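Chain letters run A, B, ... following the sequence lines, proteins first and then strands; every chain starts at 1. In this text the structure is predicted, and so the values were computed from the model without any measurement. These numbers come from the heavy atoms of this one structure, side chains and all, not from hydrogens, waters or symmetry mates.
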2 protein chains.
Amino acid sequence: MVVDQLDSDEVDRLFAALADPTRRDIVARVLTHETSVSVLAERYAMSFAAVQKHVAVLERAGLVSKRPHGRERLVRGDVDAIRAAARLLDQYEEIWRARIGRIEDILAAPAEGDSR
Amino acid sequence: MVVDQLDSDEVDRLFAALADPTRRDIVARVLTHETSVSVLAERYAMSFAAVQKHVAVLERAGLVSKRPHGRERLVRGDVDAIRAAARLLDQYEEIWRARIGRIEDILAAPAEGDSR
DNA sequence: CTGATCTACAACCATGTAGTTGTACGTTAG
DNA sequence: CTAACGTACAACTACATGGTTGTAGATCAG
């Protein structure tokens, strides 16, 4: 299990990595099948090197990891990174819910200085 | 409520907008307080125009919206966009869980050709 | 061993992004 | 009315990013 406390740079890399359709597709694929980079590359209308770069971005973000298998590198998705991102978003929703509480406080309090 | 079906470009904009610490901070702030752009700008060590641009990025991503209030524009966070992003991530986790099912199938099946 | 395959990496180009400053315009305060 | 304020937008710089091609090192197949 991965440490759940992400610093700002890690969050940057996480969301930035997810902000590209090719990379999201790669993540979805390697979450189910561990796949070599070259097999991945066949699926996309770009060069092998371009796919390699996308994988590197995902790896720096912690969304995938590679392991050597003979001459190929098998890429596999890391669901923990996705959960960490999801937790982040949940925290924003909690901030939002806290606001509701305050509004209800305001409504519950009798209007002071209601100078309309 | 916002339409929940996001196309690829919208997802790109969503995650890209979240991939910046200043923008995440702005979102957190305006989720609780509706805040003018100039008041927001005081909080960050950059020019007013730079903050304005960040707000514009967030707006294009659907994470905030602006409403005119006299000469100022009040920015408020939209939690629906955050929920949409969270749902996206949940879908990746579901993809991952589906893989588990398949692994269990493999384990359940008697080993064929178990040539160790 | 030799050739084909998979990967890594560097160099390069085009484009987008984050920041700046400057200008212009509507709105509020006095 | 005039001055100050809040915003919008354009132009510019610096740098990151997504793509390319080319080269080189490991590893596998025959």
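- Following rounding to the nearest Å, A:His54 (NE2) and C:dT7 (P) show an atom-to-atom distance of 16 Å.
- Across the protein-nucleic acid pair, B:Arg71 atom CZ and D:dC5 atom C1' stand 4 Å apart, rounded to whole Å.
- Among B:Lys66, B:Arg73, B:Arg76, the one residue that satisfies the salt bridge (Lys or Arg N to Asp or Glu O under 4.0 Å) test with B:Glu59 is B:Lys66.
- One finds no side-chain N or O of A:Ser47 lying less than 4.0 angstrom from the OP1 or OP2 phosphate oxygen of D:dG19.
- Distance B:Asp20 CG to C:dT17 P: 12 Å, rounded to the nearest Å.
- Side-chain N/O atoms of B:Arg73 and base N/O atoms of D:dT7 include no donor-acceptor pair closer than 3.5 Å.
- D:dG18 atom C1' lies 17 Å from atom CG of A:Leu18, rounded to whole Å.
- Between the A:Thr35 side chain and the A:His33 main chain, a donor and an acceptor come within less than 3.5 Å of each other.
- Straight-line distance from the CZ atom of A:Phe48 to the P atom of C:dA8: 7 Å, rounded to whole Å.
- Remark: the backbone N or O of A:Ile26 is not paired with any side-chain donor or acceptor of A:Arg43 at under 3.5 angstrom.
- One finds no side-chain N or O of A:Lys53 lying less than 4.0 angstrom from the OP1 or OP2 phosphate oxygen of C:dC9.
- The residue among B:Ala49 and A:Ala45 whose nearest nucleotide of DNA chain D is located toward the 5' end is B:Ala49.
- There is a path of hydrophobic side-chain contacts, each under 4.5 Å, that joins B:Tyr44 to B:Val64.
- Look at CZ on B:Arg60: it is 11 Å from C1' on C:dG16, rounded to the nearest Å.
- Across all strands shown, A:Ala16 has no heavy atoms under 4.0 Å from either base or sugar-phosphate atoms.
- Although no hydrogens or angles enter the test, the distance criterion places no donor-acceptor pair under 3.5 Å between the side chain of B:Arg99 and the main chain of A:Val30.
- For A:His69 and A:Ala50, each mapped to the nucleotide of DNA chain D holding its nearest heavy atom, the one lying further toward the 5' end belongs to A:Ala50.
- Between A:Lys66 and the phosphate of C:dA8, there is a side-chain N or O to OP1/OP2 separation shorter than 4.0 Å.
- Across all strands shown, B:Ser36 has heavy atoms under 4.0 Å from sugar-phosphate atoms exclusively, and none from any base.
- Whole-Å rounding puts the A:Gln52 CD to D:dA24 C1' distance at 13 Å.
- Atom pair B:Tyr44:OH and C:dA18:P shows a separation of 15 Å (rounding to whole Å applied).
- A:Ser38 comes within contact range of the sugar-phosphate backbone alone, with a heavy-atom separation under 4.0 Å but no base atom that close.
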